[in-house]
Amino acid sequence: MNEKQIKIKSKFLSLILRHNPQIIQLELDKNGWANVEELLQKSKRKINLTIDELEIVVKTNNKKRFAYNEDKTKIRANQGHSLKNIDLELKAIKPPPFLYHGTVAKFMQSIKANGLQKMNRQQVHLSHERETAINVGSRRGKPVILSIRALEMHHAGLIFYRSKNGVWLTDNVPTKYIDFKN
Ligand code: HQG
């Protein structure tokens, strides 16, 4: 597989494991796991995906988006779901003083009014590194980087999680914890 093919298969996996397993009549369990054999079998309807290719996609994925269970019979996305009621079994943890969120100017008015909301995903995604937030914002245009006073939120009782691949997650970020100057 070349890089382009790996990317196509990775995007397909994101679609199935985060958003829409139904398009191949696959069911995820309550913790977001798909049975690997069943995934490969049912994926044939849409794409060629062998067990070795799956292994490569998981291993080379730049954001470590996917994880196997211990005996590699199951696979799931580490974060980014829009599917409701997926329990990733994450533990609440104390965040660093600041976390970052990359967005674009057209959303700012609404963010200033409503805070950061999870929109179509299960949670708001934040990063420890500013650079990551720049990349996230750049998907949509010229990035606007927001600093979030995460530790203050934690002290106020708001809950943070960190996914297995290092993305910080929280239900919403009220405006008062967002630093709007760039
Ligand atoms: C914005 C990708 C209006 C928010 C990335 C964002 C990340 C609001 C968009 C991960 C708002 C939601 C997540 C409000 C938030 N009013 N707009 N109140 N609150 N927004 O894609 O954080 O490649 O769901 O700023 O790299 O951009 O998929 O979230 O622009 O890690 O692995 O609404 O997805 O990772 O967009 O990206 P998204 P995101 P993957």
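Below, all heavy atoms of this structure are taken into account, side chains as well, without hydrogens, waters or symmetry copies. Counting starts at 1 for both ligands and their atoms, following the listed order. Please read these numbers as outputs of a predicted model, since none were measured by experiment.
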E55 and K72: CA distance, side-chain angles, deciding distance, salt bridge (Lys or Arg N to Asp or Glu O under 4.0 Å) verdict: CA-CA 10 Å; E55 187 102 28; K72 290 194 173 177; 2.5 Å; yes

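- Closest protein heavy atom to atom 10 (C) of ligand 1: H125 CD2, 3.6 Å.
- Within the model, atoms CD1 of I75 and CG of N69 stand 9.5 Å from one another, a figure rounded to the nearest 0.5 Å.
- What sits closest to atom 12 (C) of ligand 1 on the protein, heavy atoms only, is M119 CG, 3.9 Å.
- Inspection of the D52 and T50 side chains reveals no N or O donor paired with an N or O acceptor under 3.5 Å.
- Residue R139 has at least one N or O atom closer than 3.5 Å to an N or O atom of ligand 1.
- If you take CG on L88 and CZ on R76, they are separated by 5.0 Å, rounding to the nearest 0.5 Å.
- In this structure, atom 21 (O) of ligand 1 lies nearest to the protein heavy atom R121 NH2, 2.8 Å.
- For A113, the closest heavy-atom approach to ligand 1 does not fall below 4.0 Å.
- Distances between N or O atoms of H101 and those of ligand 1 include at least one value under 3.5 Å.
- Between S10 and N61, the side chains place a donor N or O and an acceptor N or O closer than 3.5 Å (distance only, hydrogens not considered).
- Near F107, with a cut-off below 4.0 Å to any heavy atom, the atoms of ligand 1 are 1 (C), 3 (C), 17 (N), 30 (O).
- Applying side chain to side chain contact (heavy atoms under 4.5 Å, CB included) to R121 and the options H125, Q123, M119 leaves one that passes, H125.
- Minimum heavy-atom separation, F66 to L17: CD2-CD1, 3.9 Å.
- For atom 30 (O) of ligand 1, the nearest non-hydrogen atom of the protein is R140 NH1, 3.2 Å.
- At least one heavy atom of L116 sits under 4.0 Å from some atom of ligand 1.
- Within the 4.0 Å heavy-atom shell around ligand 1 one does not find V167.
- Taking a cut-off of under 4.0 Å to the non-hydrogen atoms of T103, the atoms of ligand 1 that pass are 4 (C), 25 (O), 30 (O).
- For atom 19 (N) of ligand 1, the choice among K63, Q79, Q117, Q122 with the nearest heavy atom turns out to be Q117.
- Figure legend: cation-pi geometry between K46 and F12 absent, as NZ or CZ is not positioned both under 6.0 Å from the six-membered ring centre and within 45° of its axis.
- Atoms of ligand 1 found under 4.0 Å from any heavy atom of R18 (numbered from 1 in listed order, with element): 28 (O), 32 (O), 40 (P).
- For the residues S163, S110, S82, the heavy atom positioned nearest atom 3 (C) of ligand 1 is part of S110.
- In the vicinity of G115, heavy-atom distances shorter than 4.0 Å reach the ligand 1 atoms 14 (C), 18 (N), 19 (N).
- Scanning both residues, V136 and G102, for their nearest heavy atoms gives CG1-O, 3.9 Å.
- In terms of heavy-atom proximity, R45 sits nearest to I24 at NH1-O, 3.6 Å.
- Polar contact check, R65 against ligand 1: a nitrogen or oxygen pair lies under 3.5 Å apart.
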